[in-house]
Engineer: 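I'd like to ask some things about the structure below.
Below, read A as the first sequence line, B as the second, and so on, with proteins coming before strands; counting in each chain starts at 1. Just so it is clear, the model here is predicted, and its values are computed rather than measured. Hydrogens, waters and symmetry mates play no part in the numbers below; they use all other heavy atoms, side chains included.
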There are 2 protein chains.
Amino acid sequence: MKLDNTHQLIIENISRFIDLTELEKQKYISLLTEIKIDRKTFLMQAGDITKYEYFITKGCLKVYTLDENGTPHISMFAVEDYWTGDMASFITKEPSRYFIKATEDSELLGISRANYDLLFQQIPKFERFYRILYQRSLISYIRRANHGISLTAEERYIRFKKKYPKIVNRITQKDLAAYIGITPEFMSKIITKVNRR
Amino acid sequence: MKLDNTHQLIIENISRFIDLTELEKQKYISLLTEIKIDRKTFLMQAGDITKYEYFITKGCLKVYTLDENGTPHISMFAVEDYWTGDMASFITKEPSRYFIKATEDSELLGISRANYDLLFQQIPKFERFYRILYQRSLISYIRRANHGISLTAEERYIRFKKKYPKIVNRITQKDLAAYIGITPEFMSKIITKVNRR
DNA sequence: GAAAAAAAATGAACTAGTTTAAGATTTTTA
DNA sequence: TAAAAATCTTAAACTAGTTCATTTTTTTTC
């Protein structure tokens, strides 16, 4: 049986780390939920108990918290071929502190908590997939945590641009500022300064 | 067969997430290397290719990088019952950018890369253990990354003290500053200010 | 247990990043 | 396609955190 493009992408993503039989692929796909979401609408909001972990097949979303002043702090931008969600809430089933909002019309595949647990029972190989996926995410978050406390805002901007050249062009400067951890005004100054060179 | 205290601790740590038979415990323990290290000595240095992932059974270590000015930035403090190492170098087999130094005489159990790979072949259940371990680490690093860019140094200090009350008393103010991401001078000011209240 | 070394405290001058405010430009919506 | 809304730019005054220099206190070493 031939896979459609949407499922093709997620299967390729998984096949980078583990090998699946045709049967396992079908079984896995049957556990997924297809989700379409318009630009500027929420996939989830703070206070929700996270129902899904998501894989993005099309579009772009931002994952963020609001602090006590109402200032947003963006944790990640998720585009095609990325996984996202709020793992803490997904695992503990406690209310999330995160918002996830589409910055473009987007299409996602979601796996519910019940199906996630089922997946490990039915295809234990997925423990390995997630072990490797989380391991790699961990490496990049450890780096991000270190950069946040050791680099200047300008250095963080330059690295972001180098690491995610395609994402820079898809997001507003304001959102970039909320990711870098500075005000939009200072972001504007940095960009002017860096591009002047 | 009765386990000694050292192995007892690591088996209890693992048993929080997966169940092991006596045979599996013995098998696992046979893959570990016991390491003792004196205060102020290095477990590894930048440029090394990381040989092991470590579990601490006694003592305290700091994991840090040095920036181009020679300023240290501490990524984590590892004490009893913690796992540490440089995952990026361990996985990619590329030279590490981290130093790991004991701040107290310490005892560790190390698993080599070869044995780590062997472990998954011989006891596939360990994929699940590491999946859960990494998942939990990921949750706390995502939080740390967000705090680094959204909280003031004083707020980060207060949270560290609340989250790790035992560790605060085992480390120098200078090392705490390198973890929080500020100068020792400013750390001193914050502590004076917070304790005055 | 004295001397040396490291850590901590304090203060003054500085800089990276914030705040507030107002105008210019771009994007969205009807 | 015009009006409204959002984003971006610029600038002046401000604050969190740095730097550098000196002294005091604590820890380490012999």
Side-chain angles (χ1 to χ4, degrees), chain A residues 38-42 59-60 62 64 66-74 77 101-105 146-161 167-196, chain B residues 38-41 59-60 62 64 66-74 77 101-105 146-161 167-197:
Chain A
D38 285 340
R39 189 171 129 71
K40 293 195 178 179
T41 59
F42 288 101
C60 181
K62 57 183 175 186
Y64 64 98
L66 292 179
D67 67 22
E68 58 279 12
N69 309 315
T71 308
H73 299 282
I74 295 178
F77 297 103
K101 197 176 192 176
T103 64
E104 300 173 3
D105 293 347
N146 278 273
H147 288 174
I149 58 165
S150 66
L151 300 181
T152 62
E154 184 176 322
E155 288 167 329
R156 277 176 273 149
Y157 165 63
I158 291 169
R159 282 177 197 245
F160 183 83
K161 231 175 68 163
I167 295 181
V168 176
N169 304 313
R170 289 170 76 168
I171 59 177
T172 62
Q173 257 175 241
K174 203 185 166 196
D175 280 347
L176 182 52
Y179 178 89
I180 298 283
I182 56 175
T183 59
E185 292 86 348
F186 193 52
M187 187 79 255
S188 171
K189 274 182 206 167
I190 287 175
I191 289 174
T192 307
K193 185 182 165 201
V194 170
N195 292 344
R196 185 149 27 84
Chain B
D38 286 339
R39 188 170 129 71
K40 293 194 178 178
T41 59
C60 181
K62 56 184 176 184
Y64 63 98
L66 291 180
D67 67 21
E68 59 280 9
N69 309 316
T71 308
H73 300 282
I74 295 178
F77 297 104
K101 196 176 191 176
T103 63
E104 301 173 3
D105 293 347
N146 278 273
H147 288 173
I149 57 165
S150 66
L151 300 181
T152 62
E154 185 177 320
E155 290 168 327
R156 278 176 272 149
Y157 165 64
I158 290 168
R159 281 175 197 245
F160 183 82
K161 231 174 68 162
I167 295 181
V168 176
N169 304 312
R170 288 170 77 167
I171 59 177
T172 62
Q173 258 175 241
K174 205 184 165 195
D175 279 347
L176 182 52
Y179 178 89
I180 298 284
I182 55 175
T183 59
E185 292 87 345
F186 194 52
M187 186 79 257
S188 170
K189 276 178 204 169
I190 288 174
I191 289 174
T192 306
K193 185 182 165 203
V194 170
N195 292 343
R196 184 147 29 82
R197 291 188 194 139

Engineer: In whole angstroms, how far is the C1' atom of dG17(D) from the NE2 atom of His73(B)?
Structural biologist: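 It is 14 Å, rounded to the nearest whole Å.
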
Engineer: For the side chain of Thr172(B), starting at C-beta, report the closest nucleotide among dG17(D), dT7(D), dA8(C).
Structural biologist: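 Looking only at side-chain atoms, Thr172(B) lies closest to dA8(C).
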
Engineer: Hey, are the side chains of Thr103(A) and Lys101(A) touching, using non-hydrogen atoms and a 4.5 Å cut-off?
Structural biologist: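 Heavy-atom side-chain distance check fails, nothing below 4.5 Å.
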
Engineer: Please evaluate residues Asp175(B) and Tyr64(B) with respect to the criterion side-chain contact (heavy atoms from CB on, under 4.5 Å), reporting the C-alpha separation (whole Å), side-chain torsions for both, the decisive distance (0.1 Å), and the verdict.
Structural biologist: CA-CA 10 Å; Asp175(B) 279 347; Tyr64(B) 63 98; over 6 Å; no

Engineer: Provide, to the nearest angstrom, the distance between the NZ atom belonging to Lys189(B) and the C1' atom belonging to dA12(C).
Structural biologist: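 Atom-to-atom, Lys189(B) to dA12(C), this comes out as 9 Å.
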
Engineer: From CD1 of Ile190(B) over to P of dT10(C), roughly how many Å is that when rounded to an integer?
Structural biologist: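 Distance, rounded to whole Å: 14 Å.
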
Engineer: Among Arg170(A), Lys62(A), Lys40(A), Arg39(A), which residue satisfies the salt bridge (charged side-chain N to carboxylate O under 4.0 Å, His left out) criterion with Glu104(A)?
Structural biologist: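 That would be Arg170(A).
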
Engineer: Would you kindly give the CD1-to-C1' distance between Ile191(A) and dT25(C), to the nearest whole Å?
Structural biologist: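 Roughly 15 Å, once rounded to whole Å.
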
Engineer: Rounding to an integer number of Å, can you tell me how far Ile180(B) CD1 sits from dG17(D) C1'?
Structural biologist: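 Interatomic distance, CD1 of Ile180(B) to C1' of dG17(D): 14 Å.
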
Engineer: Should Thr192(A) be listed as having a side-chain N or O under 4.0 Å from OP1 or OP2 of dT10(D)?
Structural biologist: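 Yes, Thr192(A) has a side-chain N/O under 4.0 Å of OP1/OP2 on dT10(D).
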
Engineer: Looking only at side-chain N and O atoms, does Gln173(A) come under 4.0 Å of OP1 or OP2 in dT9(D)?
Structural biologist: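 Yes, such a contact exists.
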
Engineer: Starting from the 5' end of DNA chain D, give me the residue, Lys40(B) or Phe186(B), whose nearest nucleotide shows up first.
Structural biologist: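 Nearest nucleotide further toward 5': that of Phe186(B).
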
Engineer: Nearest-Å distance, CD1 (Ile171(A)) to P (dC8(D))?
Structural biologist: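 Taking CD1 of Ile171(A) and P of dC8(D), I get 10 Å after rounding.
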
Engineer: With a 4.0 Å cutoff (strictly under), does any side-chain N or O of Thr183(B) reach OP1 or OP2 of dT18(D)?
Structural biologist: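 Yes, within the criterion.
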
Engineer: Nearest whole Å is fine: how far is dG17(D) P from Ile149(A) CD1?
Structural biologist: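 Roughly 13 Å, once rounded to whole Å.
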
Engineer: State, yes or no, whether a side-chain contact exists between Ile180(B) and Phe186(B) at a heavy-atom distance under 4.5 Å.
Structural biologist: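 They are not in contact (no side-chain heavy atoms under 4.5 Å apart), so the answer is no.
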
Engineer: Which listed nucleotide (dG17(D), dA9(C), dA8(C)) is nearest to the side chain of Ser188(B)?
Structural biologist: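 Closest nucleotide among those given: dA9(C).
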
Engineer: Rounding to an integer number of Å, can you tell me how far Glu185(A) CD sits from dG17(C) C1'?
Structural biologist: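 These atoms are roughly 11 Å apart.
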
Engineer: Please determine whether side-chain contact (heavy atoms from CB on, under 4.5 Å) holds for the pair Ile190(A) and Ile182(A), giving the CA-CA distance in whole Å, both sets of side-chain angles, and the decisive distance to 0.1 Å.
Structural biologist: CA-CA 10 Å; Ile190(A) 287 175; Ile182(A) 56 175; 3.7 Å; yes

